[in-house]
Amino acid sequence: MERQGDFTDFFLTLADVYLKQNPFPGMICAYAGAYRYVYEARCVYDPDGRYRAWKEEAIRFLESEEGKSKMLVQARTVVDERKRWAEEALLGGLAKTAWLAGVSAWLDAVIMYAWFEKRTLATGKLVPAMRELAAYGEFVSLFPAMYRDDHDLWERFHSVAAYRRYFREAGGDEFACSELQDLLMERKLERLVRQRDEESARWLLLTEAAWLYLSCSEEESLDEHVAALPLPLQEKLGKIGFSEANADMIRHVGRLSDQVVEAVFQRRN
């Protein structure tokens, strides 16, 4: 078979760039939590073993007491930042932004739990991990719009696809707005439907829409962004589960997030 191209130089250049941008030990020691992905990362072409050596050294640090301690502290810092974002949004009268920030605080606490208790970063494992938490029932009662079943999953899917198309036509982030993302989302949704896991499917569609907003909104608050959308798209976001939050809800979800974080800390100490 005729060889169509030699990408060796491309891969070696890519590896060189990556390793220069992610030197060890400086970046990993300083930002250990951001490098948890190396456990699950795979290199498709590494003839000299440069990436493999880097990965092995990184994992040794992350497995050390210092590495684990830094990951714990940094994970808690992320949750605290989301809580502050929610409080600042409330002070500014931004109820939709406060909702997103509050849900983000909870989700980051769950990500922390899933990593330290299940050693996984897989998004498909988050909702099953969430269900294990004692605080989960209270979270569901706080945000019922996210769990209502008056809009079927495929209607929500088409709402997310329309939202992506809106950003694509507006020149939004090329990666986030790619039609390929709709195909990937459709396949994930089909798998969850076969598994009869509607709860995970709702979270999939909600977080996909939130990712689109965060990738393409150019630092507009969610409230400003939604107000500028065509009315049909505003309604579609409501169907996906976008909502608003008041001060009581934000305080409550902050406490629930803290419960998850503190439980993880207690098990590590």
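The structure presented is a predicted model; accordingly, all values stated were derived computationally and were not measured.
With contacts defined as side-chain heavy-atom distances shorter than 4.5 Å, the pair V110/L133 qualifies. No side-chain heavy atom of T123 sits less than 4.5 Å from a side-chain heavy atom of T207. Using a 4.5 Å cut-off on side-chain heavy atoms (C-beta onward), M71 and F116 make contact. In this structure, V127 and L204 have side chains that are not in contact, with every pair of non-hydrogen atoms separated by 4.5 Å or more. Side-chain contact between M185 and L205 is present, with heavy atoms from C-beta onward closer than 4.5 Å. Under the 4.5 Å side-chain criterion, counting only non-hydrogen atoms from C-beta, Q195 is in contact with L192. Residues L206 and F242 have side chains in contact (heavy-atom distance under 4.5 Å, counting atoms from C-beta outward). The side-chain heavy atoms of K68 and F61, taken from C-beta on, include no pair separated by under 4.5 Å.
Cation-pi geometry between R76 and F265 is met: the NZ or CZ atom falls under 6.0 Å from the ring centre, inside 45° of the normal.
Shown here for L126 and L107, the closest heavy-atom pair between the two residues is CD1-CD1, 4.3 Å. Annotation for S141 and P144: closest pair O-CD, 3.6 Å, computed over non-hydrogen atoms. Minimum heavy-atom separation, L94 to S221: CD1-CB, 3.9 Å. When every heavy atom of K96 is checked against every heavy atom of L222, the shortest pair comes out as O-CD2, 3.5 Å. For A227 against Q234, the heavy-atom pair with the smallest separation is O-NE2, 3.7 Å. Across every non-hydrogen atom of G93 and D223, the tightest pair is O-OD2, 4.5 Å.
Cluster annotation: V260 and V73 are assigned to distinct hydrophobic clusters (Ile/Leu/Val/Met/Phe/Trp/Tyr, side-chain heavy-atom contacts under 4.5 Å, transitive). Put simply, V78 and V261 are part of two different groups of oily side chains (I, L, V, M, F, W, Y) that touch within less than 4.5 Å, one to the next. Hydrophobic clustering of Ile, Leu, Val, Met, Phe, Trp and Tyr side chains at less than 4.5 Å, counting indirect connections, keeps L189 apart from L184. Y213 and L229 fall within the same hydrophobic cluster, where Ile, Leu, Val, Met, Phe, Trp and Tyr residues are linked whenever their side-chain heavy atoms come under 4.5 Å apart, directly or through other members.
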Salt bridge (Lys or Arg N to Asp or Glu O under 4.0 Å), that's the test. Do K239 and E235 meet it? Break it down for me. CA-CA 6 Å; K239 292 177 180 179; E235 293 173 349; 5.9 Å; no
For D258 and R255, run salt bridge (Lys or Arg N to Asp or Glu O under 4.0 Å): C-alpha distance rounded to whole Å, both residues' side-chain angles, the deciding distance at 0.1 Å, then the answer. CA-CA 5 Å; D258 286 343; R255 288 196 299 271; over 6 Å; no
Would you sort out whether E190 and W154 count as a side-chain contact (heavy atoms from CB on, under 4.5 Å), showing the intermediate values? CA-CA 10 Å; E190 287 173 344; W154 289 108; 3.7 Å; yes
Let me see the working for E56 and I59 under side-chain contact (heavy atoms from CB on, under 4.5 Å), right down to the final yes or no. CA-CA 5 Å; E56 290 171 355; I59 288 177; 6.0 Å; no
E199 and D197: CA distance, side-chain angles, deciding distance, side-chain contact (heavy atoms from CB on, under 4.5 Å) verdict: CA-CA 5 Å; E199 195 172 7; D197 190 352; 3.9 Å; yes
Give the C-alpha distance, both sets of side-chain angles, the deciding distance and a yes or no for side-chain contact (heavy atoms from CB on, under 4.5 Å) between C216 and H225. CA-CA 10 Å; C216 304; H225 170 67; over 6 Å; no
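We find the CD-CG distance between E244 and L100 to be 12.5 Å, quoted to the nearest 0.5 Å. Separation of atoms CD (E262) and OG (S257) is listed at 11.5 Å; rounding is to 0.5 Å. Expressed to the nearest 0.5 Å, how far CZ of R251 lies from NZ of K83 amounts to 13.0 Å. Distance check, rounded to the nearest 0.5 Å: CG of L72 to CZ of R267 gives 12.5 Å. Going from atom CE of M249 over to atom CG of L90 covers 10.0 Å, rounded to the nearest 0.5 Å. With rounding to the nearest 0.5 Å, the separation of CZ in R168 from CG in L212 is 9.5 Å.
Residues R84 and E88 are not paired through a salt bridge, judged by the lack of any N-O separation under 4.0 Å between the basic side chain and the carboxylate. Under 4.0 Å is where a charged nitrogen must lie from a carboxylate oxygen, and between E208 and R202 no such pair does.
Judged purely by distance below 3.5 Å, without hydrogens or angles, the side chains of S215 and W211 pair a donor atom with an acceptor atom.
Residue pairs meeting the side chain to side chain donor-acceptor pair (under 3.5 Å) criterion with at least one partner in residues 98-116, sequence neighbours excluded, are R82-D108, Y113-E132. Listed by first and then second residue, the side chain to side chain donor-acceptor pair (under 3.5 Å) pairs that reach into residues 172-186 are R164-D182, sequence neighbours excluded.
By the 30° and 60° cut-offs, the orientation of the rings of Y136 relative to F139 is parallel. Between Y163 and Y166, the ring planes are parallel. Angles under 30° get that label, and only those over 60° would be called perpendicular.
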